Amino acid sequence: MQLLTPHVYWAQRRGEISLRVELCDVTDLNIGVQENTLHFRAQGHGAKGQNEYEFSLEFRELVKPEVQHRSTQRQVDIKVHKQTERWWDRLTLQEKKPLFLAPDFDRWMDESDAEMELNKKEERISSINVESRVRKDPFLGVKRGYLFMYNLVQFLGFSWIFVNMSVRLFILGQDSFYDTFHTTADMMYFCQMMAVLEVVNPLLGLVRTGFIPALIQVTGRNVILFVIFGCLDEMQNKAVVFFVFYFWSCIEIFRYPFYMLGCIGTEWKLLTWLRYTLWIPLYPLGTIAEAVAVVQSLAVFDETGMFALPLPPFLGGSLSFSYSLRLYLVLMFLGLFTNFRHLYKQRRRRYRSRKKKQL
């Protein structure tokens, strides 16, 4: 008599094998594992009509003898647990796949999916363990309140600068380029002095951002603002001031509200996208504008001798501050690369985390 086999579909996780047997109205069901081989026999309606169907599968690696199964009106679901939790490259010991066996694509996972499932499981266990060991910070509310207010004040300050410059540009056109410093410098001074706290906050453990990227950005901006623009009257009427201030404010009016909402556990998807996307063109453009300001100031420092370093009498003269600015130009672009890489990693990490949550 011909042996009738039903259609069998399989899928796996790291710790178990799932089988789906296409057999309707099953009776006399007999399933068991002997010597690492699963035996199935049942009466039901399959591809050859109402008959007795059976099959055997010798697994690729050792499995536990206990078998879980559930029969419905349309199919039989079987679950077999592996002895060792790991990914199998195939189901059966023999390399040639049985004709009645096929992948169950509705339940299928590749190795990367299995790895992600394991990582999520480990992360959940780790977070539970950490939460059970770590005491809640009694000052967490105070820290969040301080960070919220800091980001709010900075947002309002840079918003005022951005709106002021935009309105003046709309009304006066290019003429607004040449008095930008005199109309917005006081507010920019305030915001950049406040920005020093962004270097202090990582040292105090209030934020997770790196200390070095914050130091590079705050120091670079303050050199431009206080040394080049603030000390040289000749630079205050140049158009480059407008572009430096405008690029700075364009970046910050999206960065600070993003951090501000983060303090209260809120996220706006559009704001998140703007914060992690607009800096890609704006950050290099802002650095180029800063570099133009430095280059334009070199001749002024040479002529005025401001901040020049006196040399010993036998050498005579003094060393112009412009040489320090030339070195600073090199460091500026190195800092651009460092900060750009840091921000890009943040962006990738953010979207990877969001993708995992969606999955």
Side-chain angles (χ1 to χ4, degrees), residues 157-158 161 165 168-169 174-200 210-252 279 281-343:
F158 279 104
I161 295 171
M165 294 176 65
R168 291 179 62 82
L169 178 64
Q174 293 186 6
D175 292 339
S176 67
F177 290 175
Y178 306 102
D179 62 352
T180 298
F181 184 85
H182 301 289
T183 56
T184 60
D186 290 340
M187 183 60 71
M188 188 63 78
Y189 281 148
F190 171 78
C191 291
Q192 283 307 124
M193 285 189 290
M194 286 278 292
V196 175
L197 293 174
E198 295 184 25
V199 181
V200 178
F211 165 74
I212 297 299
L215 179 64
I216 291 173
Q217 178 173 322
V218 173
T219 302
R221 285 191 178 184
N222 284 348
V223 168
I224 300 297
L225 177 62
F226 291 100
V227 177
I228 294 179
F229 293 158
C231 297
L232 298 179
D233 294 338
E234 295 87 341
M235 292 296 300
Q236 295 174 3
N237 297 321
K238 292 185 178 294
V240 70
V241 179
F242 174 88
F243 293 100
V244 170
F245 283 11
Y246 209 72
F247 287 135
W248 287 357
S249 59
C250 284
I251 293 172
E252 305 303 13
W279 64 265
L282 291 177
Y283 195 76
L285 288 173
T287 303
I288 292 172
E290 293 173 20
V292 171
V294 172
V295 171
Q296 291 180 352
S297 70
L298 296 178
V300 181
F301 280 110
D302 287 337
E303 291 175 3
T304 61
M306 185 177 294
F307 303 134
L309 180 65
L311 296 175
F314 65 89
L315 292 177
S318 59
L319 184 65
S320 174
F321 184 69
S322 64
Y323 292 104
S324 300
L325 291 179
R326 288 182 174 90
L327 176 61
Y328 173 71
L329 275 176
V330 177
L331 297 177
M332 179 188 296
F333 285 97
L334 290 176
L336 169 65
F337 173 76
T338 301
N339 269 334
F340 200 89
R341 185 176 64 176
H342 172 74
L343 290 169

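Given the structure is predicted, the values throughout are model-derived calculations rather than measurements.
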Side chains of [X] and [Y] in contact at under 4.5 Å (non-hydrogen atoms):
{"X": "Gln174", "Y": "Phe242", "value": "no"}
{"X": "Met188", "Y": "Phe181", "value": "no"}
{"X": "Phe247", "Y": "Cys250", "value": "no"}
{"X": "Val196", "Y": "Asn222", "value": "yes"}
{"X": "Arg168", "Y": "Thr183", "value": "yes"}
{"X": "Leu225", "Y": "Phe245", "value": "yes"}
{"X": "Trp248", "Y": "Ile224", "value": "yes"}
{"X": "Arg221", "Y": "Val244", "value": "no"}

Worked verdict on Lys238 versus Tyr178 for side-chain contact (heavy atoms from CB on, under 4.5 Å): CA-CA 5 Å; Lys238 292 185 178 294; Tyr178 306 102; over 6 Å; no

Determine whether a donor-acceptor pair (N or O, by modelled atom type, separation under 3.5 Å) exists between the side chain of [X] and the backbone of [Y].
{"X": "Tyr246", "Y": "Val241", "value": "no"}
{"X": "Thr219", "Y": "Ile216", "value": "no"}
{"X": "Gln236", "Y": "Phe229", "value": "yes"}

Derivation and outcome, side-chain contact (heavy atoms from CB on, under 4.5 Å), residues Asp186 and Phe190: CA-CA 6 Å; Asp186 290 340; Phe190 171 78; over 6 Å; no

Nearest 0.5 Å, please: how far is [atom2] in [Y] from [atom1] in [X]?
{"X": "Glu303", "Y": "Ser320", "atom1": "CD", "atom2": "OG", "value": "10.0 Å"}
{"X": "Gln192", "Y": "Met187", "atom1": "CD", "atom2": "CE", "value": "12.5 Å"}
{"X": "Ile228", "Y": "Leu232", "atom1": "CD1", "atom2": "CG", "value": "7.5 Å"}
{"X": "Leu319", "Y": "Ser324", "atom1": "CG", "atom2": "OG", "value": "6.5 Å"}
{"X": "Ser176", "Y": "Leu169", "atom1": "OG", "atom2": "CG", "value": "4.5 Å"}
{"X": "Leu329", "Y": "Leu298", "atom1": "CG", "atom2": "CG", "value": "6.5 Å"}

Full working for side-chain contact (heavy atoms from CB on, under 4.5 Å) between Leu325 and Val295: CA-CA 8 Å; Leu325 291 179; Val295 171; over 6 Å; no

[X] to [Y] - nearest heavy-atom pair and separation:
{"X": "Ala293", "Y": "Val240", "answer": "N-CG2, 3.9 Å"}
{"X": "Asp175", "Y": "Asp179", "answer": "O-OD1, 3.9 Å"}
{"X": "Ser318", "Y": "Ala308", "answer": "OG-CB, 3.8 Å"}

Atom OH of Tyr323: over 12 foreign heavy atoms under 6.0 Å: no

Whether Tyr189 and Phe226 hold their rings parallel, tilted or perpendicular, with breakpoints at 30° and 60°: parallel

Val227/Phe301 under side-chain contact (heavy atoms from CB on, under 4.5 Å): CA gap, chis, key distance, verdict: CA-CA 11 Å; Val227 177; Phe301 280 110; 4.2 Å; yes

